Student: 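After the structure tokens below, expect a handful of questions from me.
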Amino acid sequence: MHLKILVTAGDGIGPEVTNEAVAVLKEVAAISGHTLEFDAKRIGGVAIVQDGTPLPAETLAAALSSDAVLLGAVGGNEFNSLAPDKRPEAGLLQIRAALGGFANLRPAFAFKELAVNSPLRPEIVEGADILFVRELLGGLYFGKPREWNKASGEAWNTMRYTRDEVARVARIAFKLAQVRRKKLTSVDKANVLEVSQLWRAAVIEVAAEFPDVALEHQYVDAMAMHIMNRPRDFDVVLTENLFGDILTDESAVITGSLGMLPSATIGGKVNLYEPVHGSAPDIAGKGLANPLGAILTGALVLRHSGGLEAEAAAIEASVRKVLEKGFRTPDLVRGNAQGLPVLSTTEMGAKVRETVRKLLVSA
Ligand code: IPM
Ligand code: MG
């Protein structure tokens, strides 16, 4: 297997965590005999400063000619006064649109060892394993018209979906549910929004193709509560773009830290992989960032772009083992009554590499 991976590390903690993810991938490649070819390009704030645009043409061209794009994070406080289309985040939205992936898979898995790290009671979170499928190219993020009309003091964005845009992401969610626990929860606000009524109707239509999957509908406000009260009841959760953005940050509470969550965006020309967390400028460059979300994102690259299931599973097993042994990053120490060892970003990366090496060599 030969995979060409473009790394767009971005801003803040992005470079630190993607370095660790890449190092783990290189370790796995060296042992398993697969060739991973890496290239690096700028995106986000660093690109605004150096190239005058959050998504340089060179980065986009390199992305389109890769097999996968691994992104760190974008954003920084120094860009807060810029208009949305000039900000680092615009670079991310542009690359998402150009690569065309519309199904953003965000697994929220509660590692047993981190249950004490969640502000929720361990008996609520233990065993929770949700796969969010967030529609990534529609809704308020991309709908037109959009404008802040300063003269009239009005601003508007448009939540827009077509039936086909809903159906294609629903189909991916149903397929994933088929190989999991065969339950799909579709999230909408159909008691208020027409676009949610279309969403629900389209999901119901697609459900007829998947009679083995149980479908339920939840309103987004109720869902925000259910995820906290009974996270174990959910398997695959299908949402539109903004609802998914909000609910997946919320679900970090189940896993113990936002730093644990990986994501993969599939369905387009080139898959895009990014941890769910942001650029965390307050801790950037200090070795405090948790690289496990990025490392788990690397596992998703192998699974979804390389078809390398065993290697992906080995990375995931290594993360679990490292947590079992008690190693933590600073975000994972709430309720750490035993005084478990707290590692820096690079130390945590090294632990995962050492563990994955042992796992793969002994396999
Ligand atoms: C995410 C982020 C992005 C989003 C931002 C950085 C544009 O919050 O990936 O969840 O809103 O999609
Ligand atoms: Mg978000």
Side-chain angles (χ1 to χ4, degrees), residues 8-15 17-18 21 42-48 53-55 59 63 69-80 82-108 130-143 146 157-159 161 165 169 187 220 223-224 227 237-255 257-268 271-282 284 289-290 293-294 296-297 300-301:
T8 49
D11 306 318
I13 61 169
V17 297
T18 44
R42 286 188 289 273
I43 195 169
V46 64
I48 294 178
T53 168
L55 179 62
T59 303
V69 177
L70 176 62
L71 187 130
V74 296
N77 296 330
E78 61 272 43
F79 307 105
N80 282 349
L82 297 179
D85 64 336
K86 302 274 184 298
R87 294 172 61 108
E89 289 84 346
L92 175 53
L93 297 174
Q94 286 163 19
I95 201 170
R96 283 179 183 169
L99 298 183
F102 54 83
N104 179 218
L105 317 185
R106 298 189 159 191
I130 306 177
L131 176 58
F132 287 90
V133 180
R134 170 189 176 193
E135 200 292 325
L136 205 63
L137 291 188
L140 284 167
Y141 277 64
F142 291 95
R146 59 184 298 157
N157 289 93
T158 304
M159 190 188 273
Y161 274 105
E165 283 167 350
V169 71
V187 177
V220 61
M223 189 63 183
I227 289 176
V237 175
L238 171 66
T239 78
E240 68 90 47
N241 204 346
L242 182 66
F243 296 164
D245 180 46
I246 298 167
L247 294 181
T248 54
D249 263 34
E250 189 194 15
S251 72
V253 171
I254 304 165
T255 67
S257 168
L258 190 53
M260 291 301 299
L261 299 184
S263 95
T265 302
I266 64 172
N271 292 349
L272 174 64
Y273 299 85
E274 32 175 334
V276 174
H277 65 70
S279 59
D282 51 322
N290 179 353
L296 291 167
T297 300
L300 297 184
V301 173

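One is the number of the first residue; the rest follow in order along the sequence. For ligands, and for the atoms within them, numbers begin at 1 and follow the listed sequence. Atoms considered below: every heavy atom in the structure, side chains included; atoms not considered: hydrogens, waters and symmetry mates. Being a predicted model, the structure only gives us computed values, none of them experimental.
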Student: Hey, could you give me the OH/CG distance between Y273 and L300, rounded to the nearest 0.5 Å?
Tutor: 7.5 Å
Student: Using 2.8 Å as the cut-off, note every protein N, O or S atom close to the Mg ion (ligand 2).
Tutor: D245 OD1
Student: For ligand 1, indicate whether the residue R96 contacts it via side chain, backbone, both or neither (heavy-atom separation under 4.0 Å).
Tutor: side chain
Student: Taking a cutoff of less than 4.0 Å between a non-hydrogen atom of the residue and any ligand atom, is H277 in contact with ligand 1?
Tutor: no
Student: Within the structure provided, determine whether L247 and V187 are in side-chain contact (heavy-atom separation under 4.5 Å).
Tutor: yes
Student: I'd like to know if R106 contacts ligand 1, where contact means a heavy-atom distance under 4.0 Å to any ligand atom.
Tutor: yes
Student: Would you compute the distance between atom CD of E135 and atom OG1 of T265 and round it to the nearest 0.5 angstrom?
Tutor: 10.5 Å
Student: Name the closest protein heavy atom to atom 6 (C) of ligand 1, giving the residue it belongs to and the distance to 0.1 Å.
Tutor: E89 CG, 3.7 Å
Student: For atom 2 (C) of ligand 1, what's the nearest protein heavy-atom neighbour? Residue, atom name and distance, please.
Tutor: D245 OD1, 3.9 Å
Student: If I take atom CG from residue N104 and atom CD1 from residue I266, how far apart are they, to the nearest 0.5 angstrom?
Tutor: 9.5 Å
Student: Check salt bridge (charged side-chain N to carboxylate O under 4.0 Å, His left out) between R106 and all other residues, then give those that pass, not counting sequence neighbours.
Tutor: none
Student: Run the numbers for me: atoms of ligand 1, each under 4.0 Å from some heavy atom of R134, listed by number.
Tutor: 1 (C), 4 (C), 9 (O), 10 (O), 11 (O), 12 (O)
Student: Got N241 and L140 here, is their nearest side-chain heavy-atom distance under 4.5 Å?
Tutor: no
Student: What protein heavy atom sits nearest atom 4 (C) of ligand 1, and how far away is it?
Tutor: Y141 OH, 3.4 Å
Student: Kindly say whether V46 contributes a backbone atom to a donor-acceptor pair with the side chain of D11 at under 3.5 angstrom?
Tutor: yes
Student: Apply ring pair (Phe, Tyr, Trp, His ring centres under 6.0 Å) to Y161 and list each qualifying residue two or more places apart in sequence or on a separate chain.
Tutor: W199
Student: Go through the structure and list residues passing salt bridge (charged side-chain N to carboxylate O under 4.0 Å, His left out) with E240, not counting sequence neighbours.
Tutor: none
